[in-house]
There are 2 protein chains.
Amino acid sequence: MSTSDRLIESTRELLWERGYVGTSPKAILERAGAGQGSMYHHFKGKPDLALAAIRRTAEEMRATAAGVLDGPGTPYERIEAYLRRERDVLRGCPVGRLTMDPDVIANDELRAPVDETLDWLRERLAVIVEEGKEQGQFAAGLDGESIAATIVATVQGGYVLARASGSPAAFDAGVRGLLSLLAPRQSTRAL
Amino acid sequence: MSTSDRLIESTRELLWERGYVGTSPKAILERAGAGQGSMYHHFKGKPDLALAAIRRTAEEMRATAAGVLDGPGTPYERIEAYLRRERDVLRGCPVGRLTMDPDVIANDELRAPVDETLDWLRERLAVIVEEGKEQGQFAAGLDGESIAATIVATVQGGYVLARASGSPAAFDAGVRGLLSLLAPRQSTRAL
DNA sequence: GTCTATACATCGATAGAC
DNA sequence: GTCTATCGATGTATAGAC
């Protein structure tokens with residue numbers, strides 16, 4: 001792995017753990033095993049390096065979600081697979097957490113990958129919900145885009161609840177509740 | 001307002017805007033119009049002042065939520081009132097945002113008010129959902145605690161979506177989706 | 001490309017005058 | 001109680017040697 005790559009990877013880890021405001025160049029360099037010079041040679045500064053890290057994290061998240069959402073199964077099953085997919089719940093979402101970072105939100109360039117990723121996810125889920133409606137799996141009255149927003153919000157908020165309580169249980173409960181509300185009509189299934 | 005109060009209020013504002021890591025004593029003092037000496041006279045240090053601020057914010061949030069949840073109306077209507085209550089969506093939740101703060105999560109004393117508030121909210125909502133089940137407004141198969149977690153998560157995650165996109169629209173969409181899923185059986189209502 | 005040295009501001013806290 | 005002065009450490013960035 002190149003020095004530039006190690007810098008980006010270290011930054012990704014630290015952004016996830018401590019956010020943008022809580023991540024210093026010094027900490028990045030220590031973790032990457034590099035000196036000041038390397039960082040300022042490859043990147044213009046902290047925001048530039050963070051942008052590279054955020055873009056990579058966003059892309060990775062998109063690929064992971066696509067892997068599940070484009071998989072086999074009925075619309076409900078694919079949504080369930082997305083919601084139940086294994087997660088390091090207490091670490092939170094490496095993309096969503098950035099929305100609580102004032103310096104990220106204030107910088108359109110840093111915010112863009114975050115926005116685009118969550119937006120992509122919502123649109124992808126909205127299509128799946130619409131498919132489920134066509135197949136009669138979901139009630140015709142549901143709005144795909146709204147349900148998609150609810151699904152993504154439940155996940156993002158589930159991280160908040162889990163981190164507050166120090167346990168993944170609340171995340172799982174939120175997912176369970178959402179799935180029980182989404183469950184295909186008239187089949188009472190074990191959730 | 002006493003100096004101590006002004007310090008707490010300034011801290012509350014800054015914690016909301018910038019989080020714990022992003023809030024410096026200096027910024028607090030400037031906003032409060034006080035000097036270093038005042039702060040360290042009234043509080044042991046930054047964590048101590050933050051604790052006072054977080055406790056006050058948590059209490060205020062609880063009171064606000066209770067005002068809606070204990071109000072009039074059917075269980076569904078009270079949940080709807082809670083979800084649709086006016087919010088400064090783009091500012092996010094002053095309590096929930098703290099869960100993304102590594103120094104808050106690492107400190108049990110600072111985390112406690114956050115945990116207790118969200119936990120209280122979930123329990124309160126769980127009772128309301130159970131009431132709705134008894135009254136036949138919600139399907140008997142629903143689990144109060146899970147649905148409560150979904151409701152709180154949708155709100156917390158709604159803030160994430162809104163802040164990512166720079167618009168409250170996604171928050172509203174998530175709420176709309178959740179309400180459409182919760183809507184009392186067989187009455188198709190305008191949502 | 002990478003390193004060390006240096007710069008200057010800010011961080012969180014303490015000391016001590018008033 | 002509040003103020004200013006000061007402290008050592010860290011934050012972000014630049015300079016310049018190798």
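By convention in this document, chain letters (A, B, ...) are assigned in the order of the sequence lines, proteins followed by strands, and residues within each chain are numbered from 1. None of the values given here were measured: they were computed from a predicted structure.
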What is the distance, rounded to the nearest whole Å, between atom [atom1] of [X] and atom [atom2] of [N]?
X        : N      : atom1 : atom2 : value
B/Tyr20  : C/dC11 : OH    : P     : 13 Å
A/Glu30  : D/dG11 : CD    : P     : 9 Å
A/Lys26  : C/dC11 : NZ    : P     : 16 Å
A/Arg18  : D/dT10 : CZ    : P     : 13 Å
B/Asp48  : C/dG12 : CG    : P     : 15 Å
A/Asp103 : D/dG11 : CG    : C1'   : 13 Å
A/Leu7   : D/dA13 : CG    : P     : 14 Å
B/Asp5   : D/dT2  : CG    : P     : 12 Å

Quiz item: Can you name the closest pair of heavy atoms from A/Phe171 and A/Leu83 and give their distance?
Solution: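 The pair with the smallest heavy-atom distance is CE2-O, 4.3 Å.
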Exercise for review: Locate the shortest heavy-atom distance separating A/Trp16 from A/Cys93; write the atom from each residue and the value.
Suggested key: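 So the two residues come closest at NE1-C, 4.0 Å.
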Rounded to the nearest 0.5 Å, what separation is found between the CG atom of B/Leu181 and the CD1 atom of A/Ile147?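 Output value for this atom pair is 3.5 Å.
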Please confirm whether A/Arg87 makes a cation-pi placement over A/Tyr82, using NZ or CZ under 6.0 Å from the six-membered ring centre and within 45° of the ring normal.
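Yes, A/Arg87 and A/Tyr82 form such a contact.
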Is it true that atom CD of A/Glu109 has more than 12 heavy atoms of other residues, nucleotides or ligands lying nearer than 6.0 Å?
->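 Not more than 12 within 6.0 Å, no.
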Identify which nucleotide among C/dC11, C/dT2, D/dT14 has an atom closest to any side-chain atom of A/Gln36, counting heavy atoms from C-beta outward.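 Comparing C/dC11, C/dT2, D/dT14 against the side chain of A/Gln36, the answer is D/dT14.
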Inset, instruction - Look at the side chain of B/His42 and decide which nucleotide, out of C/dT2, D/dG11, D/dG1, has an atom nearest to it. - result: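 Selected nucleotide: D/dG1.
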Has [X] got a side-chain N or O lying under 4.0 Å from the OP1 or OP2 atom of [N]?
X       : N      : value
B/Tyr40 : C/dT14 : no
A/His41 : C/dC3  : no
A/Thr3  : C/dT2  : yes
A/Ser24 : D/dT10 : no

Look at all strands and tell whether B/Ser2 reaches a base, only sugar-phosphate, or nothing, counting heavy atoms closer than 4.0 Å.
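B/Ser2: no heavy atom of the nucleic acid under 4.0 Å.
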Within the structure shown, what part of the strands sits under 4.0 Å from A/Gly37 by heavy-atom distance: base, sugar-phosphate, or nothing?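 Base, at least one base heavy atom under 4.0 Å.
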